[in-house]
Amino acid sequence: LSMGQFSSQNIENILAFSQRLKPYSGRGSKLSILEGITLKPLFFEPSTRTIDRHVSAMNTMGGDYNPPFDEKTSSMEKGEPEKDTIITAAQTADILVIRHPRPYAVHKFAELIDNLKNNSAFIINCGDGPNEHPTQALLDYYTVMEELGNLDNLIWLIVGDLQYGRPVHSHMYGIPKFSNNKIIGFPVGGLGLPEEYKPNSYEEFDFDQLSKVASEIDPKSKVVLYTTRIQFEREARKRDPDYDNYDELRKKQIRDEIYREFRYQIPLGLLNALPKRTKLLHPLPRGSEISDEIFLSNNNPKVAMIEQMRYGLQVTMGYFALFSGLEEMLHEPEKYLTRRPLALQRI
Ligand code: NCD
């Protein structure tokens with residue numbers, strides 16, 4: 001439910017098993033580790049990557065999934081309460097992955113399910129409003145470990161919407177679990193980190209100070225430049241509580257207005273000026289902050305956003321098996337391989 005629930009040892013354990021699963025996460029690969037386990041995606045907010053990697057991890061690990069919840073075709077259209085929707089999903093699925101616009105809604109659903117008789121389903125928080133997105137933080141740590149070699153002694157420059165960006169909030173609980181990391185926030189347009197998430201020795205400067213602070217970093221440092229989109233939908237709801245009732249066209253206009261107002265971009269020159277061992281990450285989706293030139297650059301060793309996306313699959317496979325109590329099987333995944341990755345077959 002929260003990055004705060006993990007110890008650094010828990011995180012390292014997940015990352016180590018995720019790494020073991022790397023050879024089995026290729027296209028076409030299939031293991032039988034999660035055979036008999038069923039996933040239900042319940043996304044009450046849009047998603048591209050998070051839903052895909054959970055379904056894909058289930059497929060690759062040999063599990064099953066029920067059709068992703070869709071509000072328009074579910075009985076919520078008939079006025080069924082959300083609670084009942086979650087309880088229903090828990091009758092047939094073993095793992096519920098939930099994303100919801102209300103902070104702590106997923107915690108409440110987990111409590112509800114825990115209190116049911118004969119229940120064995122468990123819940124993974126895939127984003128509870130502007131609060132947290134712990135599994136994104138896990139895959140970010142995996143990316144940093146792969147790309148920079150460790151999770152200690154890093155400088156994290158966190159840029160963009162720190163007020164509503166939920167992966168950022170999970171990072172504020174996660175990064176300090178490792179040693180000697182420095183976290184510096186650079187909010188855009190005053191969207192600073194809320195007090196409740198501030199770790200010790202956190203520093204914050206306005207986005208326009210980023211180049212100056214970056215130029216003062218010791219070139220021998222390892223840096224994570226963590227960028228985020230402006231969460232226009234949460235700002236829109238704050239400005240106008242009726243926002244969700246508007247038609248699609250009006251909502252799109254509001255989105256464009258807010259994106260224009262908070263528009264920012266990471267200049268290529270800034271990335272070039274940062275130490276050699278810098279990795280640019282983004283949970284995605286990106287807005288104006290990351291140009292195509294940066295996002296699609298195949299030969300810039302500082303850009304790791306597509307790798308980050310790809311690593312998500314093996315990290316999800318890893319925590320599914322660990323949370324399901326199947327750690328034993330992860331010691332020798334080869335034993336559970338039912339189909340080799342297609343690329344390997346071709347070789
Ligand atoms: C993020 C989210 O939904 O919190 N995306 C993701 O899951 N990778 C970031 C965002 O919406 O901006």
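Position 1 is the first residue of the sequence; numbering continues from there.
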Pair Asn10, Asn13 - check side-chain hydrogen bond (donor to acceptor under 3.5 Å, both in side chains), show working. CA-CA 5 Å; Asn10 292 151; Asn13 209 26; over 6 Å; no

Test item: side-chain donor near acceptor, Asn180 and Asp152, under 3.5 Å: no

How many angstroms lie between OG in Ser47 and CG in Asp52, if you round to the nearest 0.5 Å? 7.5 Å

Any donor-acceptor pair under 3.5 Å linking the side chain of Lys276 with the backbone of Lys220? no

Step by step, would you call Arg340 with Ser29 a side chain to side chain contact (heavy atoms under 4.5 Å, CB included)? CA-CA 5 Å; Arg340 293 198 170 273; Ser29 180; over 6 Å; no

Using side chain to side chain contact (heavy atoms under 4.5 Å, CB included), reason through Ile217 and Leu157 one step at a time and then give a plain yes or no. CA-CA 11 Å; Ile217 294 175; Leu157 307 175; 4.0 Å; yes

Please check if Phe178 and Ile184 belong to a single hydrophobic cluster, counting links between Ile, Leu, Val, Met, Phe, Trp and Tyr side chain heavy atoms closer than 4.5 Å. no

In terms of side-chain heavy atoms, does Ser179 have a donor or acceptor partner in Asn153 at a distance below 3.5 Å? no

salt_bridge(Arg255, Glu261) N-O dist < 4.0 Å: no

Under a 3.5 Å cutoff, is there a donor and acceptor pairing between the side chains of Glu35 and Tyr336? no

Distance only, no hydrogens: is a donor on one side chain within 3.5 Å (strictly under) of an acceptor on the other, for Arg310 and Ser25? no

Could you tell me whether the side chains of Glu196 and His169 share a donor-acceptor contact shorter than 3.5 Å? no

Ignoring hydrogens and angles, state whether a donor on the side chain of Glu334 or Tyr24 is under 3.5 Å from an acceptor on the partner side chain. yes

State plainly whether one hydrophobic cluster holds both Ile175 and Met3, where clusters connect Ile, Leu, Val, Met, Phe, Trp and Tyr through side-chain heavy atoms under 4.5 angstrom apart. yes

Parallel, tilted or perpendicular: rings of Phe6 and Phe323 (30°, 60°): tilted

Under the ring pair (Phe, Tyr, Trp, His ring centres under 6.0 Å) rule, what do Phe44 and Phe69 come out as? Steps first, then yes or no, please. CA-CA 8 Å; Phe44 296 85; Phe69 164 79; 4.6 Å; yes

Lys/Arg N to Asp/Glu carboxylate O, Lys177 vs Glu12, below 4.0 Å: no

Check the hydrophobic clustering (I, L, V, M, F, W, Y; side-chain heavy atoms under 4.5 Å; chains of links allowed) and say if Ile306 and Tyr141 are grouped together. no

Pairs of donor and acceptor atoms involving the side chains of residues 324-332, under 3.5 Å and at least two apart or interchain, shall be tabulated with distances.
unit_1: Ser324; atom_1: OG; unit_2: Phe320; atom_2: O; d: 2.6

Give a yes or no on this: more than 12 heavy atoms of other residues, nucleotides or ligands lie within 6.0 Å of atom CD of Gln265. yes

For Lys279, salt bridge (charged side-chain N to carboxylate O under 4.0 Å, His left out) partners two or more places apart: Glu147

Please give me the minimum heavy-atom distance between Met305 and Ile290, naming the atom from each residue. CE-CG2, 3.7 Å

Could you go through residues 208-216 and list every donor-acceptor pair under 3.5 Å that involves a side-chain atom there, pairing it with any protein atom two or more places apart or in another chain?
unit_1: Lys212; atom_1: NZ; unit_2: Glu216; atom_2: OE2; d: 3.4
unit_1: Ser215; atom_1: OG; unit_2: Lys212; atom_2: O; d: 2.7

If I take atom CG from residue Asn66 and atom CG from residue Leu39, how far apart are they, to the nearest 0.5 angstrom? 8.0 Å

Do the side chains of Lys251 and Glu233 get close enough for a salt bridge, i.e. N-O under 4.0 angstrom? no

To the nearest 0.5 Å, atom CZ of Arg237 lies from atom CG of Asp244 at 4.0 Å

Do Glu257 and Lys252 sit within salt-bridge range, that is, some charged N less than 4.0 Å from a carboxylate O? no

More than 12 non-hydrogen atoms from neighbouring residues, nucleotides or ligands closer than 6.0 Å to OH on Tyr65, yes or no? no

Is it the case that the ring center of His100 lies less than 6.0 angstrom away from the ring center of Phe109? yes

Any luck finding a side-chain donor-acceptor pair between Tyr246 and Asp240 under 3.5 Å? yes

Tyr164, Met172: one ILVMFWY side-chain cluster at the under-4.5 Å cut-off? no

Specify whether Trp156 and Tyr226 have parallel, tilted or perpendicular ring planes, treating 30° as the upper limit for parallel and 60° as the lower limit for perpendicular. tilted

Value rounded to 0.5 Å, distance of CD1 in Ile266 from OG1 in Thr227: 6.0 Å

Using a distance-only test with no angle check, is there a side-chain donor-acceptor pair under 3.5 angstrom linking Tyr311 and Glu307? no

Scan side-chain atoms only and decide if Asp70 and Thr73 contain a donor-acceptor pair under the 3.5 Å cut-off. yes

Supply the atom-to-atom distance Asn131 CG to Asn125 CG, rounded to the nearest 0.5 angstrom. 7.5 Å

Going from CG on Leu193 to CD1 on Ile158, what distance comes out if it is rounded to the nearest 0.5 angstrom? 8.5 Å

Is the distance between the ring centroids of Phe186 and Phe207 less than 6.0 Å? no

Exercise: do Glu204 and Tyr202 side chains pair donor with acceptor under 3.5 Å: yes

Would you sort out whether Arg250 and Tyr243 count as a side-chain hydrogen bond (donor to acceptor under 3.5 Å, both in side chains), showing the intermediate values? CA-CA 9 Å; Arg250 176 82 192 107; Tyr243 166 77; over 6 Å; no

Mind running side-chain hydrogen bond (donor to acceptor under 3.5 Å, both in side chains) on Ser2 and Glu132 for me, showing each step along the way? CA-CA 7 Å; Ser2 166; Glu132 273 202 73; 2.5 Å; yes

Is the closest basic N to carboxylate O distance between Asp161 and Arg229 below 4.0 Å? no

Do Ile51 and Leu96 sit in the same hydrophobic cluster, where Ile, Leu, Val, Met, Phe, Trp and Tyr count as joined when their side-chain heavy atoms come under 4.5 Å apart? no

Sole candidate of Asn59, Leu313, Ile95, Thr316 that passes side chain to side chain contact (heavy atoms under 4.5 Å, CB included) when paired with His54: Thr316

Could you check whether Arg286 makes a cation-pi contact with Phe295, meaning its NZ or CZ is under 6.0 Å from the centre of the six-membered ring and within 45° of the ring axis? yes

Given side-chain hydrogen bond (donor to acceptor under 3.5 Å, both in side chains), test Arg99 with His133 step by step and report yes or no. CA-CA 9 Å; Arg99 170 172 289 183; His133 191 352; 3.2 Å; yes

Report, as yes or no, whether the 6.0 Å neighbourhood of atom NZ on Lys30 holds more than 12 heavy atoms from other residues, nucleotides or ligands. yes

From CA spacing to verdict: side chain to side chain contact (heavy atoms under 4.5 Å, CB included), Leu225, Leu281: CA-CA 6 Å; Leu225 177 58; Leu281 304 189; over 6 Å; no

Counting only heavy atoms not in Lys182, do more than 12 sit closer than 6.0 Å to its NZ atom? no

Could Arg166 and Glu45 be called an ion pair, given the rule that one side-chain N must be under 4.0 Å from one carboxylate O? yes

Evaluate the criterion side chain to side chain contact (heavy atoms under 4.5 Å, CB included) for residue pair Leu31 and Thr338; output intermediate values, then yes/no. CA-CA 5 Å; Leu31 295 153; Thr338 56; 5.8 Å; no

Could you tell me if Gln308 and Asp140 have a donor-acceptor pair between their side chains, going purely by distance under 3.5 Å? yes

